[in-house]
Amino acid sequence: MTFSPQLVALDIDGTIVDREGRLPDSVREAVHRVCQAGVPVVLATGRGVTGAIGVHEELGLPAGLLVVSNGSVLAHSDPLRVVSRHTFDPSHVIDEVLRIHPQARIAVEEVGVGFRVSKHFPDGELAGEIHVEPVEELKATPATRIIVRDPDASPDVFVELANQLGMTGVTYFVGWSAWLDIAPRGVTKASGLQEACDMLGIPASAVLAIGDGNNDIEMLRWAGRGVAVGDALEQVRAAADAVTADFDDDGTAVELNRWFG
């Protein structure tokens with residue numbers, strides 16, 4: 001059966017913007033053609049809603065759904081509002097993280113606002129309002145996700161940290177730096193997109209998804225056509241149905257133009 005995308009799901013960082021947040025004209029133009037075809041574009045990102053809405057606006061997308069916080073939150077862009085959220089008790093995970101890696105910085109997401117943090121993160125890494133609070137306060141309320149960060153550690157250290165935690169009851173993703181995202185169990189970009197598709201009446205088999213990070217693996221496997229950007233991690237490329245060109249070679253635009261050129 002010939003594939004015909006009825007929805008396009010796009011990761012943000014490393015897929016439609018570079019590490020400095022630059023959005024190439026080629027991607028903007030390709031996304032515009034998707035919208036002209038009447039096909040909804042849903043951003044599916046590890047960013048919170050405050051970090052994603054600016055990209056949504058920069059792309060010129062019409063009002064619609066966003067899957068943010070790695071699937072923990074489904075939002076609508078206009079008026080900006082939370083459609084649904086999934087939470088977990090972060091107290092045990094925070095205790096375990098700090099027992100194994102005491103120097104870690106912890107951030108707890110405040111949906112639509114920003115983050116409550118144990119220590120300040122490097123400039124530009126978190127969007128929205130940032131409030132430093134004691135760890136006991138970070139543990140006190142249910143969270144959509146927590147972020148664990150150590151700017152002085154390597155990504156390999158955080159892979160080992162995740163292995164040592166042996167986390168049950170949560171879903172976690174190791175980032176491209178010493179960054180660990182922890183979400184409610186079973187919550188991924190794929191689960192968030194499934195919720196969006198259920199609302200829109202679109203089957204997963206008709207979704208074109210493009211991504212480059214560890215937190216995109218479930219999404220790429222779930223979608224009817226999951227495509228990895230060429231310079232994605234090896235395990236991400238292995239999970240995809242196809243691999244497009246590298247980001248700097250307009251890989252995302254190349255894939256979109258294949259269907260909407």
Side-chain angles (χ1 to χ4, degrees), residues 12 42-53 65-77 79-121 125-150 158 161-175 178-199 213-216 218-219 222:
I12 293 181
V42 176
L43 300 182
T45 176
R47 295 189 185 198
V49 64
T50 52
I53 193 62
L65 297 171
L66 302 91
V67 174
V68 298
S69 304
N70 284 322
S72 291
V73 177
L74 182 65
H76 195 280
S77 64
L80 185 59
R81 65 187 186 276
V82 172
V83 176
S84 67
R85 72 183 76 196
H86 303 273
T87 62
F88 69 107
D89 180 354
S91 57
H92 174 68
V93 172
I94 292 175
D95 283 341
E96 283 298 290
V97 166
L98 294 177
R99 181 183 65 82
I100 298 170
H101 200 82
Q103 62 270 44
R105 307 177 190 204
I106 307 293
V108 176
E109 182 177 44
E110 290 287 286
V111 177
V113 178
F115 292 87
R116 298 181 294 125
V117 301
S118 61
K119 304 174 186 176
H120 281 294
F121 278 47
E125 289 193 347
L126 300 177
E129 298 179 13
I130 310 298
H131 300 282
V132 179
E133 297 183 1
V135 170
E136 290 304 314
E137 292 187 20
L138 300 183
K139 294 161 50 179
T141 56
T144 50
R145 67 164 172 165
I146 65 173
I147 298 169
V148 183
R149 180 77 167 99
D150 182 358
F158 267 42
L161 171 62
N163 291 335
Q164 289 183 58
L165 287 170
M167 290 180 286
T168 59
V170 296
T171 302
Y172 65 92
F173 310 95
V174 179
W179 178 293
L180 184 64
D181 246 316
I182 303 173
R185 184 176 185 177
V187 170
T188 65
K189 292 183 182 183
S191 66
L193 284 166
Q194 183 63 63
E195 190 173 351
C197 283
D198 290 344
M199 293 179 63
N214 282 321
N215 59 345
D216 295 315
E218 291 82 3
M219 173 180 79
W222 164 87

Among Val83, Val67, Val68, side chain to side chain contact (heavy atoms under 4.5 Å, CB included) partner for Val73: Val68
Which distance, rounded to the nearest 0.5 Å, do you find between the CD1 of Ile94 and the CD of Glu136? 9.0 Å
Nearest-0.5 Å distance, CG of residue Asp95 to CD1 of residue Ile100: 11.0 Å
In Å, rounded to the nearest 0.5 Å, how long is the span from CH2 of Trp179 to CG of Asp150? 12.5 Å
Answer whether the closest heavy-atom distance between the side chains of Leu126 and Ile147 falls below 4.5 Å. yes
Go through the steps to decide whether Glu129 and Glu110 satisfy the test side chain to side chain contact (heavy atoms under 4.5 Å, CB included), and finish with yes or no. CA-CA 9 Å; Glu129 298 179 13; Glu110 290 287 286; over 6 Å; no
Ignoring hydrogens and geometry beyond distance, is a side-chain donor-acceptor pair present between Glu133 and Ser118 at under 3.5 Å? no
List in chain and number order the residues that pass side-chain hydrogen bond (donor to acceptor under 3.5 Å, both in side chains) with Glu109, two or more places apart in sequence or in another chain; answer none if no residue qualifies. Ser69, Thr144
With side chains defined as the heavy atoms from C-beta onward, is the minimum distance between Asp89 and Pro142 less than 4.5 Å? no
If you take all heavy atoms of Pro90 and Ile146, which pair is closest and at what distance? CB-CG2, 3.9 Å
Given Val148 and Ile182, is the side chain to side chain contact (heavy atoms under 4.5 Å, CB included) satisfied, shown in steps? CA-CA 8 Å; Val148 183; Ile182 303 173; 4.1 Å; yes
With rounding to the nearest 0.5 angstrom, report the CG to CG distance, Leu65 to Leu43. 10.5 Å
Can you tell me how far NE2 of His92 sits from NZ of Lys139, rounded to the nearest 0.5 angstrom? 11.0 Å
Measure from the side-chain N and O atoms of Thr188 to the backbone N and O of Ser191, and report whether any donor-acceptor pair falls under 3.5 Å. yes
In terms of heavy-atom contacts, Val187 and Ser72 come closest through CG1-N, 3.4 Å
Shortest non-hydrogen separation from Gly48 to Arg145 and the atoms involved: N-NH2, 3.3 Å
Lys189 and side-chain hydrogen bond (donor to acceptor under 3.5 Å, both in side chains): which partner among Thr45, Asn70, Asp216? Asp216
Please test Val117 against Ile130 for side chain to side chain contact (heavy atoms under 4.5 Å, CB included), starting from the C-alpha separation and ending with a verdict. CA-CA 7 Å; Val117 301; Ile130 310 298; 3.8 Å; yes
Give me the atom names and distance for the closest heavy-atom approach of Gly192 to Leu74. O-CD1, 4.3 Å
What are the two closest heavy atoms between Ala190 and Trp222, and how far apart are they? CB-CB, 3.8 Å
Can you tell if the side chain of Arg99 reaches within under 4.5 Å of the side chain of Gln164, non-hydrogen atoms only? no
Tell me yes or no: between the side chains of Thr141 and Arg116, is some donor less than 3.5 Å from an acceptor? yes
Nearest heavy-atom neighbours spanning Val108 and Ala143: CG1-CB, 3.8 Å
Please report the C-alpha distance between Leu66 and Val42 in whole Å, then the side-chain angles of each, then the deciding distance to 0.1 Å, and finally whether the side chain to side chain contact (heavy atoms under 4.5 Å, CB included) criterion is met. CA-CA 5 Å; Leu66 302 91; Val42 176; 5.6 Å; no
Going by salt bridge (Lys or Arg N to Asp or Glu O under 4.0 Å), name the residues that satisfy it together with Arg85, two or more places apart in sequence or in a different chain. none
Pairs meeting criterion ring-ring contact (aromatic ring centres under 6.0 Å, His included) with involvement of residues 94-113, two or more places apart: His101-Phe158
The reported gap from NE2 in His120 to NE2 in His131 (rounded to nearest 0.5 angstrom) is 10.5 Å
With side chains defined as the heavy atoms from C-beta onward, is the minimum distance between Ile106 and Val135 less than 4.5 Å? no
